[in-house]
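Since the model is a prediction, treat every value here as computed from it, not as a measurement. Letters A, B, ... are given to chains in the order of the sequence lines, protein chains preceding strands, and every chain is numbered from 1.
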Amino acid sequence: MSPIAVIDFETTGISPDQGARATEVAIVLLEGGRVVDRFQSLMNAGTWVPPFITQLTGITNAMVQAAPAAASVMAEAARFVGSAPMVAHNAAFDRKFWQAELALAGLPAAQPFACTVLLSRRLYPQAPNHQLGVLVDYHGLPRTGQAHRALADAEMAAALLARMQHDLRTRWGVAAPDHDLLVQLQRCTKAAVPTLLAQLAAAAQP
DNA sequence: TGCCAGGCCCTCTTTAGGGCCTT
């Protein structure tokens, strides 16, 4: 199975359209349910980190000012991802920053995204909620590093994705839960999920 | 000065409103 790039950004706010910039990025390459490579860097976008963000993430203005320029970090991140399809927890958020920061660096952002929030809502509707930390605990997955830092959150999202692929194979009989299938699953309506999973399982029968 | 996202999903819905999820 070809690799999937699981990404997480830490940022100064909620939307690049409102002037928010990335402060840290981490990407975990997942292949066959295993982490095969990691990329992580703070980045200096020349912006001020609000106190609320420092309290949430532990990322300070001094840390960002000492970091390499955002454009060079994004160029490295784009090289690291290559043409791998991408996954994030609440992908609408990370995709916006991926596209905005690459655009500011003069680079294309053509990778398709799948979303572990949408997938979790379809596969695990009984979960208490679909926040990353809650889902990690719900599945008994290890919490790695400090929550709300990019690498720790990317590792947890990757573990959650690997769990979903494992469950799709073992619980629902889906032979090859690749990125295309994940996108297909997250796009179908909640009511159509059982039918789609049954069709995918039937297609996997010899 | 005051305000500030947006896509998805549910329901006391569909001529709408509110909560979730990310920083």
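For A:D94 and B:dG6, the CG to P distance is 16 Å, given to the nearest whole Å. Remark: P of B:dT22 and CG of A:L118 are 12 Å apart, rounded to the nearest angstrom. Distance A:Q99 CD to B:dA5 P: 19 Å, rounded to the nearest Å. One can place NZ of A:K96 at 9 Å from P of B:dA5, the figure rounded to the nearest angstrom. Taking atom CZ of A:R187 as the reference point, atom P of B:dG7 lies 14 Å away to the nearest angstrom. In this entry the distance linking NE2 of A:H89 with C1' of B:dC8 reads 13 Å, nearest Å. Rounded to a whole Å, the CD atom of A:E101 is 13 Å from the C1' atom of B:dT23. Going from atom CE of A:M156 over to atom P of B:dC21 covers 15 Å, rounded to whole Å.
Distance noted for atom P between B:dC12 and B:dG18: 15 Å (whole Å). Here, B:dG2 and B:dC8 have their P atoms 35 Å apart, quoted to the whole Å. Rounded to whole Å, the separation between the P atoms of B:dT13 and B:dG17 comes to 12 Å. Comparing the P positions of B:dT11 and B:dT23 gives a spacing of 26 Å, expressed to the nearest Å. Separation of the C1' atoms belonging to B:dC10 and B:dT14 is 13 Å when rounded to the nearest angstrom.
The aromatic rings of A:Y124 and A:H139 stand perpendicular to each other, their planes meeting at an angle above 60°, with 30° marking the opposite boundary.
Both A:E10 and A:R95 sit near DNA chain B, but only A:R95 has its closest nucleotide nearer the 5' end. For A:T189 and A:T23, each mapped to the nucleotide of DNA chain B holding its nearest heavy atom, the one lying further toward the 5' end belongs to A:T189.
Phosphate contact (OP1/OP2 of B:dC10, side-chain N/O of A:K190, threshold under 4.0 Å): present. Note on A:H130: every side-chain N or O is 4.0 Å or more away from OP1 and OP2 of B:dC21. Applying the 4.0 Å criterion to OP1 and OP2 of B:dT23, one finds that A:H148 has a side-chain N or O inside that range.
Backbone-only engagement by A:D8 is indicated by non-hydrogen atom pairs under 4.0 Å involving sugar-phosphate atoms exclusively. Across all strands shown, A:Q18 has heavy atoms under 4.0 Å from base atoms, whether or not it also approaches the sugar-phosphate. Across all strands, A:F9 comes closer than 4.0 Å only to sugar-phosphate atoms, never to a base (heavy-atom distances).
Proximity of a side-chain donor or acceptor of A:T11 to a complementary backbone N or O of A:G13 within less than 3.5 Å is detected.
With salt bridges taken as basic N to acidic carboxylate O contacts below 4.0 Å, one links A:E24 and A:R149.
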Q) Should A:T57 and A:H148 be marked as a side-chain hydrogen bond (donor to acceptor under 3.5 Å, both in side chains) after you check the CA-CA gap, both sets of side-chain angles, and the distance that decides it? A) CA-CA 5 Å; A:T57 65; A:H148 295 298; over 6 Å; no
- Which is it for A:R143 and A:D137 under the salt bridge (charged side-chain N to carboxylate O under 4.0 Å, His left out) test, yes or no, and what are the steps along the way? CA-CA 8 Å; A:R143 280 180 176 264; A:D137 291 342; 3.0 Å; yes
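Once rounded to the nearest 0.5 Å, the distance linking CD of A:Q165 with CG of A:D178 reads 8.5 Å.
For A:L56, the side-chain atoms get nearest to B:dT23 when compared with the rest of B:dT23, B:dG6, B:dC8. Nearest to the side-chain atoms of A:S15 among the listed nucleotides B:dT22, B:dA5, B:dC20 stands B:dA5. Side chain of A:I53, nearest nucleotide from B:dC8, B:dT23, B:dC21: B:dT23.
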